[in-house]
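For reference, the structure I am asking about is given below.
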Amino acid sequence: MIKHIGSFVAQPVFTVAAIRQIEKRLFAAERDPFAVMQRAAQMLFKHIAINWPDSQHFVIVVGGGNNGGDGLLLARLLKQAELNVLVLDCATTERRGDALKAFDLALADGVDIEPFDALRVCVGSVVVDGVLGIGARLPLDDVLCSVVDWINRAKRAGASVMAIDLPTGVDADTGYAQAYVAADITLSMVQPKIGHVLGVGSIASGRLVNESLGSNALLSAMSEEDRSSLAVASFSEQIDWFDVAQLAKHKPCPRFADSHKGRYGHVAVFGGDHGYGGAAIMASEAAAKSGAGTVALMTRGEHVAASLVRNPNVMAFDLAHERAMSLGIRKDTVVVLGPGLGREEWGEALFHRVMALSLPLVLDADGLFWLAQLSDASLPEGSVITPHLGEAARLLGWRIDDINRSPIEASAALAKQYACVVVLKGLASVIANPQGQVYIAGKSEPVLSKGGSGDVLSGMLGATLAYYKTPLEAALMAVSWHNYAAGEMAGKRGVHRAQPYDVLEYLD
Ligand SMILES: NC(=O)C1=CN([C@@H]2O[C@H](COP(=O)(O)OP(=O)(O)OC[C@H]3O[C@@H](n4cnc5c(N)ncnc54)[C@H](O)[C@@H]3O)[C@@H](O)[C@H]2O)[C@@H](O)CC1
Ligand SMILES: Nc1ncnc2c1ncn2[C@@H]1O[C@H](COP(=O)(O)OP(=O)(O)O)[C@@H](O)[C@H]1O
Ligand SMILES: [K+]
């Protein structure tokens with residue numbers, strides 16, 4: 001189940017189709033399938049007691065499906081514990097099966113169940129979102145949007161919000177959301193879903209906790225083949241989530257005791273047309289501070305002095321100098337192509353000249369603009385491209401919204417199209433290779449939403465590409481380090497003052 005990447009672990013996150021299959025097996029293993037929902041309610045009760053031990057007043061908003069069923073059984077447990085609980089019912093269809101059984105039990109126990117009314121004042125200090133889970137059809141209609149709005153208003157007025165399984169409004173397979181509940185805590189049932197860790201869903205979920213309800217034991221008893229057929233449910237391969245918090249005590253490219261600079265590779269950063277020298281300087285500084293053995297900046301002459309003053313350890317070559325290429329490039333070079341490359345003749349000519357070197361590339365920013373102009377491009381083996389949503393849309397000929405709605409398909413499609421590793425950048429980034437391996441890494445760090453963050457990442461990737469055995473691992477490490485260090489930096493420097501290159505001070 002759990003995958004190891006060096007000394008780190010990544011955890012599978014599942015599609016709805018896979019969760020449905022696991023659920024089916026879970027129910028089959030029980031004498032009474034209703035026991036699974038009862039267990040879900042007990043877990044909700046347990047986490048409420050842990051997180052809000054002093055709260056007396058609870059409001060549970062329920063829909064007509066099993067997500068609402070979980071909420072109704074929780075309401076019973078809260079009532080049995082002599083706490084004040086009000087259920088607001090917003091079901092629009094008739095209840096069936098377990099959801100109906102849960103409703104009848106709650107009613108029989110005297111739980112106060114009233115129809116949802118958007119004008120009602122929230123009387124709970126904890127609001128539980130049991131409206132929709134993995135059965136949600138999106139987008140939500142106006143009525144459900146008003147339910148979502150009501151829960152979010154209660155939160156703004158001071159209530160805490162716990163989502164059952166998944167915040168209402170989030171697409172469980174992609175994390176895409178328009179109107180959505182912003183939860184403080186989400187108690188995921190069975191196994192974590194992709195939507196918990198990707199896109200807006202990763203923010204909407206708040207703190208994510210999973211209760212396996214017996215599925216961990218079931219999954220570990222399954223054969224490897226059986227398990228992978230589960231995860232394959234709707235995408236091509238297993239999808240794993242890399243929690244960047246585990247980087248706390250590590251370094252991006254750990255040094256060897258019997259160390260010399262040749263072991264850490266040589267990174268050459270190409271870019272910096274008129275006005276854009278900073279992008280290339282930042283990328284080269286990032287490569288150096290991430291541990292590259294040697295770094296060369298290959299740029300316009302006007303940026304050389306600035307680079308030498310800021311980072312004398314980085315060699316800086318004026319590309320107009322006829323020997324610049326032979327001095328700045330070695331045969332084991334990893335190239336970073338794109339930061340500040342520009343969209344003028346200089347950038348275009350440089351793009352083609354560097355592509356012809358056939359060295360492993362990190363292709364970013366305007367390097368991706370020039371790549372998109374080619375009808376048929378093959379990248380040198382071991383290369384990585386790092387598009388943001390807009391760049392990915394241009395490369396694929398999709399709309400940006402399509403990329404947002406299908407980030408995993410988009411990164412997998414790009415990985416196939418260019419036969420390289422892809423980092424689709426976002427709140428969390430999707431890292432995919434042409435063999436169909438997909439990782440999700442990173443979490444929302446608004447401090448990174450500043451021009452230059454991508455340049456720093458591309459330089460870090462240059463260093464990790466020179467260090468790690470596979471481009472997939474290199475990409476995963478650079479993205480995770482960038483994101484983790486950003487979190488440290490935001491805490492210590494503040495989100496406004498911190499600059500993209502300051503991230504590099506938080507790698508150790
Ligand atoms: N059955 C069980 O014993 C278990 C159920 N679980 C819970 O069950 C959930 C899945 O249950 P369901 O499959 O019933 O799905 P949901 O409860 O997420 O929603 C399905 C219901 O909502 C309606 N619906 C969906 N989208 C709608 C929309 N946009 N507007 C109006 N109505 C809409 C459907 O018609 C259906 O009635 C999980 O998320 C989890 O919370 C888990 O706790 C595992 C155990
Ligand atoms: N809110 C955010 N949360 C997490 N990461 C972010 C956020 N905003 C930006 N980033 C990250 O910062 C980087 C920005 O890259 P990019 O958009 O190419 O910026 P630029 O070209 O301006 O340097 C990406 O790695 C992206 O994942
Ligand atoms: K929910």
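Keep in mind that this is a model prediction, so the values were computed, not measured. In what follows, every heavy atom counts, from backbone to side chain, and hydrogens, waters and symmetry copies are set aside. Just so you know, ligand 1 is whichever comes first in the structure, and atom 1 is the first atom listed for that ligand.
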message: Within ligand 2, which atoms have a heavy atom of G452 less than 4.0 Å away?
response: 20 (P), 22 (O), 23 (O)
query: Side chains of D32 and Q38: do they bring a donor and an acceptor to under 3.5 Å?
result: no
query: Is I164 close enough to the K ion (ligand 3) to have an N, O or S atom under 3.4 Å?
result: yes
message: Ignoring hydrogens and geometry beyond distance, is a side-chain donor-acceptor pair present between D109 and Q80 at under 3.5 Å?
response: yes
- request: For L144, counting its heavy atoms only, list the atoms of ligand 1 lying under 4.0 Å from any of them.
  value: 28 (C), 29 (N), 30 (N), 31 (C)
task: Assign the ring pair F242 / F8 to parallel, tilted or perpendicular, where the plane angle (0 to 90°) is split at 30° and 60°.
output: perpendicular
- line: When distances are taken from atom 35 (O) of ligand 1, the protein heavy atom at minimum range is R137 NH1, 3.2 Å
- prompt: Of the backbone atoms (N, CA, C, O) and the side-chain heavy atoms from C-beta on, which set of N67 has a member under 4.0 Å from an atom of ligand 1: side chain, backbone, both, or neither?
  reply: both
- prompt: In terms of heavy-atom contacts, does CD of Q246 have more than 12 from other residues, nucleotides or ligands at under 6.0 Å?
  reply: yes
Results of side chain to side chain contact (heavy atoms under 4.5 Å, CB included) for A410 - residues two or more places apart only: L396, W398, I403, L424
- request: Please check if atom CD in E114 has more than 12 non-hydrogen atoms from other residues, nucleotides or ligands closer than 6.0 Å.
  value: yes
field: Heavy atom of protein inside 4.0 Å of atom 42 (C) of ligand 1, strictly below
entry: yes
message: Just to be sure I read this right, does ligand 1 sit under 4.0 Å from the backbone of M43, its side chain, both, or neither, counting only heavy atoms?
response: neither
task: Heavy-atom distances under 4.0 Å are what count here, so tell me which part of I134 touches ligand 1: side chain, backbone, both or neither.
output: both
field: Shortest protein contact, atom 6 (N) of ligand 1 (heavy atom only)
entry: D70 OD2, 3.6 Å
message: Within the 4.0 Å heavy-atom shell around G133, which atoms of ligand 1 are there?
response: 16 (P), 18 (O), 39 (O)
message: Between the side chains of D89 and R95, is the shortest nitrogen-to-carboxylate-oxygen separation below 4.0 Å, so that they form an ion pair?
response: yes
query: Near A136, which atoms of ligand 1 are under 4.0 Å from a heavy atom of that residue?
result: 18 (O), 25 (C), 26 (N)
query: Which residue owns the protein heavy atom closest to atom 23 (C) of ligand 1, what's the atom, and how far is it?
result: L132 CD2, 4.2 Å
- prompt: Cation over ring, K492 on Y506, under 6.0 Å and within 45°?
  reply: no
- prompt: Just going by heavy-atom distances, which of G390, A365, S449, P387 is nearest to atom 7 (C) of ligand 2?
  reply: S449
message: Between Y276 and D455, does the side chain to side chain donor-acceptor pair (under 3.5 Å) criterion hold? Intermediate values first, please.
response: CA-CA 11 Å; Y276 302 125; D455 305 318; over 6 Å; no
statement: So for M37 against ligand 1, with non-hydrogen atoms under 4.0 Å, the contacting part is both
- line: The option among M460, K443, K425 carrying the non-hydrogen atom nearest to atom 25 (O) of ligand 2 is K425
field: Element-labelled atoms of ligand 2 that are located less than 4.0 Å from some non-hydrogen atom of S429
entry: 27 (O)
- prompt: Are E348 and R343 within salt-bridge range, i.e. N to O under 4.0 Å?
  reply: no
- prompt: Which bit of F27 gets closer than 4.0 Å to ligand 1, counting heavy atoms only: side chain, backbone, both or neither?
  reply: side chain
field: Residues K450, D502: salt bridge by 4.0 Å N-O rule
entry: no
query: With a cut-off of 4.0 Å, which atoms of ligand 1 are near a heavy atom of A40?
result: 43 (O)
message: Quick check on G442 - does any of its heavy atoms sit under 4.0 Å from an atom of ligand 2?
response: no
query: What is the closest protein heavy atom to atom 45 (C) of ligand 1, and at what distance does it sit?
result: V36 CG1, 3.5 Å
- prompt: Backbone or side chain, does L132 get an N/O/S atom under 3.4 Å to the K ion (ligand 3)?
  reply: yes
query: Do you see a donor-acceptor pair shorter than 3.5 Å between the side chains of R399 and N404?
result: no
- prompt: How close does the nearest protein non-hydrogen atom get to atom 13 (C) of ligand 2, and which residue and atom is it?
  reply: S453 CB, 3.7 Å
query: atom 44 (C) of ligand 1: which protein heavy atom is closest, and how many Å away?
result: E23 OE2, 3.6 Å
statement: Within 4.0 Å of some non-hydrogen atom of T93, the atoms of ligand 1 are 37 (O)
- line: Among non-hydrogen protein atoms, atom 14 (O) of ligand 1 lies closest to N66 N, 2.8 Å
- prompt: When only distance counts, is G135 in polar contact with ligand 1, meaning an N/O pair under 3.5 Å?
  reply: yes
field: H482 and E445 side chains, donor-acceptor separation under 3.5 Å
entry: no
- request: For D455, counting its heavy atoms only, list the atoms of ligand 2 lying under 4.0 Å from any of them.
  value: 23 (O)
- request: Determine whether the side chains of D129 and T168 contain a donor N or O and an acceptor N or O closer than 3.5 Å.
  value: yes
- request: For atom 13 (O) of ligand 1, grab the closest protein heavy atom and report residue, atom and distance to one decimal in Å.
  value: R20 NH2, 2.9 Å
query: Taking the six-membered ring of F14, is the NZ or CZ of R20 close enough (under 6.0 Å from the centre) and on axis enough (within 45°)?
result: no
- request: Considering the heavy atoms of P446, write down every atom of ligand 2 situated less than 4.0 Å from one of them.
  value: 1 (N)
query: In ligand 1, which numbered atoms sit nearer than 4.0 Å to a non-hydrogen atom of G65?
result: 14 (O), 17 (O), 21 (C)
task: Measure the distance from atom 23 (O) of ligand 2 to every protein heavy atom, then report the residue, atom name and distance (to 0.1 Å) of the closest one.
output: G454 N, 2.6 Å
query: Evaluating non-hydrogen atoms only, which member of L448, L427, L461 is closest to atom 11 (C) of ligand 2?
result: L448
message: For the 3.5 Å polar cut-off, considering only N or O atoms, please tell me whether L457 and ligand 2 meet it.
response: no
query: Among side-chain atoms of W52 and S160, is any donor-acceptor pair under 3.5 angstrom?
result: yes
statement: Ranked by distance from atom 38 (C) of ligand 1, the top protein heavy atom is D165 OD2, 3.1 Å
- prompt: Under 6.0 Å from the NZ atom of K24, do we count more than 12 heavy atoms belonging to anything else shown?
  reply: no
query: Backbone or side chain, does any N or O of D364 fall under 3.5 Å from an N or O of ligand 2?
result: no
- request: Using distance alone, with no hydrogens and no angle criterion, decide if K193 and S188 have a side-chain donor and acceptor under 3.5 Å apart.
  value: yes
message: Among all the protein's non-hydrogen atoms, which is closest to atom 17 (O) of ligand 2, and how far away is it?
response: H388 CD2, 3.4 Å
field: Min heavy-atom dist K193 to ligand 1 below 4.0 Å
entry: no
field: D129 atom (N/O/S) at minimal separation from the K ion (ligand 3)
entry: O
- prompt: Of all the atoms in L166, is at least one N, O or S atom closer to the K ion (ligand 3) than 3.4 Å?
  reply: yes
statement: re atom 27 (O) of ligand 2, the protein heavy-atom contact at minimum distance is G426 O, 2.9 Å
field: R405/D171 salt bridge by N-O under 4.0 Å criterion
entry: no
message: Closer than 4.0 angstrom, basic N to acidic O: yes or no for E488 and R493?
response: no
query: Does E391 reach ligand 2, in the sense of a heavy atom lying below 4.0 Å from it?
result: no
- prompt: When you measure from atom 2 (C) of ligand 2 to every protein heavy atom, which one gives the shortest distance, and what is it?
  reply: E445 O, 3.4 Å
